[in-house]
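As structure tokens, the structure follows; a few thoughts come after it.
Predicted, not measured: the structure shown is a model, and the values here were computed from it. All values below come from the heavy atoms of this structure, side chains included, with hydrogens, waters and symmetry mates left out. Convention: sequence-line order gives letters A, B, ...; per-chain numbering from 1.
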2 protein chains.
Amino acid sequence: MDPSSLSEDALATPAPRRQAMVPEATVARLPIYLRALHVLADDGQTTVSSEALAEVAGVNSAKLRKDLSHLGSYGTRGVGYDVAHLIEQVSAELGLLRHCSVVLVGVGNLGRALAGYGGFASRGLAIDALLDADRNRVGEQIAGLTVRHIDELCDVVSKGSIGVIATPAQAAQQVCDRLVAAGVTSILNFAPTVLSVPPGVDLRKVDLSLELQILSFHEHRKAALAQGAPV
Amino acid sequence: MDPSSLSEDALATPAPRRQAMVPEATVARLPIYLRALHVLADDGQTTVSSEALAEVAGVNSAKLRKDLSHLGSYGTRGVGYDVAHLIEQVSAELGLLRHCSVVLVGVGNLGRALAGYGGFASRGLAIDALLDADRNRVGEQIAGLTVRHIDELCDVVSKGSIGVIATPAQAAQQVCDRLVAAGVTSILNFAPTVLSVPPGVDLRKVDLSLELQILSFHEHRKAALAQGAPV
DNA sequence: CTGACTTTGTGCGCGCGTTCACAAGCGCGT
DNA sequence: ACGCGCTTGTGAACGCGCGCACAAAGTCAG
């Protein structure tokens, strides 16, 4: 970039006029809204106000309205949002409507738990392949799926597949590289390691112990405050 | 709080002059730095520059320096940071040095995986109690611990305990309430539900399917872009 | 002992995200 | 048919966090 030569770049924005432009923070909340909407739908509600939905989702109502406004105006003023319609729209935005292939690598403790986790399937993101490097585990039946060897990776991934890494830390980068080589452009990493991926590949991570350590910090802080502060 | 009665609170800030004031964003990265430091220590490194550590941790070096500066200046200019000393300091800041009791409720698929997850124990946050509401599971041995009934909750929690909820969604709020009633002030929720806790209780959540749905969004976006954008 | 190099610690500007507050819009009762 | 009240959608201000770029500080060679 050469900012000095672009003093009036407001007119020639690179790729802004693309319709969507949904902020990342909003995307991160869409799944929460979706779950809240499913709760309301199961409860028999057909419409819901931003205030009520925000209450269930645990967020500010203004934030919720702004979030929803980013994917078009689907609310009716004076009434609220149509629950079923909103579920449809949010699901579409998240790409949950058309089947998306999910490949899980590593069937240790965590991998098994993930394979059996109902939260994926109920949102149109069922895991449909289990891989492992350990040949002793190949052939095993887990959650209705047969574990296959990781060498068969190319046979199970298709364009648009999402890769999930649940291997030990030291194997994660290697598995990651193989996923990328097989054409996977979205990877979710559960291994406690920083992975590097080439540009164009989306990498997200879930560190199970990270949140626990953050809580430990706050607990520690509280204890220190309780002892030192009440002068 | 009563903000209306405090028009000049700039002078009488509630609890600001307390030394620490570590930003939340920094706290969230401390565990990552700690893991990177352990990697370097195992590798035999005794000192490390902010640049090198930032590389391993996958962050900007300036951000890392600013983060570390928040917990005091433990670096030597011209040299870098002493790895062992920094591990000590970060661990202390996170409260990992003195044993912190962790109680896990719900030993389903996920609970078992968490109980056996090595990432906790290796950081001084070993789970030391397993509870479940299902009496058929009580007495079971998992990862060296015996599953106890949730009614014994008060016997296993102590001041400063951290509670981990790995139950089905519909049981989570009830378990959460019981944890709070037992005196737990830090709770980590793995159940896909929004929990409400009274003020003073720290609640964090890990949603396993959330990140996957975010990836689904990006994958969906990429697919739409690949089809529609290349005009 | 001095000078030059290396690395930390931080002041500053920028952009994103959150929140308040209000105008625009729609349905419903009368 | 018409106005009243409710709810959405959004403009603007605020605050946080990030990254650059530089000054302070300490080490090492000679």
Side-chain angles (χ1 to χ4, degrees), chain A residues 1-4 6-10 13-16 20-30 32-33 37 40 45-83 85-86 89-90 214, chain B residues 1 3-4 9-10 13-14 16 19-30 32-33 37 40 45-83 85-86 89-90 214:
Chain A
M1 310 299 181
D2 186 8
S4 60
L6 294 174
S7 52
E8 298 162 39
D9 56 351
T13 32
M21 273 292 293
V22 183
E24 197 57 34
T26 295
V27 175
R29 282 188 293 267
L30 288 182
I32 301 174
Y33 301 154
L37 285 167
L40 292 173
Q45 308 258 2
T46 58
T47 63
V48 65
S49 70
S50 66
E51 197 77 34
L53 181 55
E55 166 76 20
V56 179
V59 298
N60 184 292
S61 66
K63 176 154 53 177
L64 181 131
R65 285 199 298 275
K66 190 160 284 190
D67 284 343
L68 293 185
S69 75
H70 283 124
L71 37 103
S73 293
Y74 297 115
T76 308
R77 300 179 187 226
V79 176
Y81 298 90
D82 182 84
V83 174
H85 187 215
L86 201 50
Q89 291 299 338
V90 174
I214 295 174
Chain B
M1 314 294 181
S4 61
D9 55 351
T13 32
Q19 48 180 13
M21 271 292 293
V22 184
E24 196 58 32
T26 294
V27 176
R29 282 186 293 268
L30 289 183
I32 301 174
Y33 301 154
L37 285 167
L40 292 173
Q45 308 257 2
T46 59
T47 62
V48 64
S49 70
S50 65
E51 197 76 36
L53 182 54
E55 167 76 21
V56 179
V59 300
N60 184 291
S61 66
K63 177 156 49 177
L64 181 132
R65 286 197 299 274
K66 191 164 287 189
D67 284 343
L68 294 185
S69 74
H70 282 125
L71 38 103
S73 294
Y74 297 115
T76 306
R77 300 179 185 225
V79 176
Y81 299 88
D82 181 83
V83 174
H85 187 216
L86 201 50
Q89 291 299 337
V90 174
I214 295 174

Would you mind reading off the distance between [X] atom [atom1] and [N] atom [atom2], rounded to a whole angstrom?
{"X": "B:Glu51", "N": "C:dT8", "atom1": "CD", "atom2": "P", "value": "8 Å"}
{"X": "B:Lys63", "N": "D:dG17", "atom1": "NZ", "atom2": "C1'", "value": "8 Å"}
{"X": "B:Glu24", "N": "C:dG17", "atom1": "CD", "atom2": "C1'", "value": "16 Å"}
{"X": "B:Arg65", "N": "D:dA24", "atom1": "CZ", "atom2": "P", "value": "16 Å"}
{"X": "A:Asp82", "N": "D:dT8", "atom1": "CG", "atom2": "C1'", "value": "15 Å"}
{"X": "A:His70", "N": "D:dG11", "atom1": "NE2", "atom2": "C1'", "value": "13 Å"}
{"X": "A:Asp67", "N": "D:dT10", "atom1": "CG", "atom2": "C1'", "value": "13 Å"}
{"X": "B:Met21", "N": "D:dC16", "atom1": "CE", "atom2": "C1'", "value": "11 Å"}

message: Please find the pair of heavy atoms, one from B:Leu40 and one from B:Val48, that lie closest to each other, and give the distance.
response: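 Closest approach of B:Leu40 to B:Val48, heavy atoms only: CD1-CG2, 3.6 Å.
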statement: Nearest heavy-atom approach of A:Ile214 to B:Glu24 is CG2-OE2, 3.9 Å
Taking OP1 and OP2 of [N], is either one under 4.0 Å from a side-chain nitrogen or oxygen of [X]?
{"X": "A:Ser50", "N": "D:dT7", "value": "no"}
{"X": "B:Ser69", "N": "C:dT10", "value": "yes"}
{"X": "A:Arg29", "N": "C:dT18", "value": "yes"}
{"X": "A:Ser73", "N": "D:dG9", "value": "yes"}
{"X": "A:Tyr81", "N": "D:dG9", "value": "yes"}
{"X": "B:Asn60", "N": "D:dG17", "value": "no"}

First of B:Leu68 and A:Gly78 reached from the 5' end of DNA chain C, by closest nucleotide: B:Leu68
query: Can you find a donor-acceptor pair, distance only, under 3.5 Å between A:Arg77 side chain and D:dT7 base?
result: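 It does not, because no donor-acceptor pair links the side chain of A:Arg77 to the base of D:dT7 below 3.5 Å.
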Any donor-acceptor N/O pair under 3.5 Å between C:dT19 base and A:Lys66 side chain: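 Present.
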Considering only [options], which nucleotide approaches the side chain of [X] most closely?
{"X": "B:Val79", "options": "D:dT27, C:dG17, D:dT10", "value": "D:dT27"}
{"X": "A:Pro23", "options": "D:dT27, C:dG17, C:dT10", "value": "C:dG17"}
{"X": "B:Thr76", "options": "C:dG27, C:dC20, D:dG26", "value": "D:dG26"}

- request: Check A:Lys66, A:Arg65, A:Glu55 against A:Ser50 for a side chain to side chain contact (heavy atoms under 4.5 Å, CB included) and give me the one that passes.
  value: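 Single side chain to side chain contact (heavy atoms under 4.5 Å, CB included) partner of A:Ser50 among A:Lys66, A:Arg65, A:Glu55: A:Arg65.
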- prompt: At what distance, to the nearest 0.5 angstrom, does CD1 of B:Ile32 lie from CG of B:Leu53?
  reply: 11.0 Å
message: side-chain contact (heavy atoms from CB on, under 4.5 Å) for B:Tyr33 and B:Leu64? Distances and angles first, verdict last.
response: CA-CA 8 Å; B:Tyr33 301 154; B:Leu64 181 132; 3.6 Å; yes
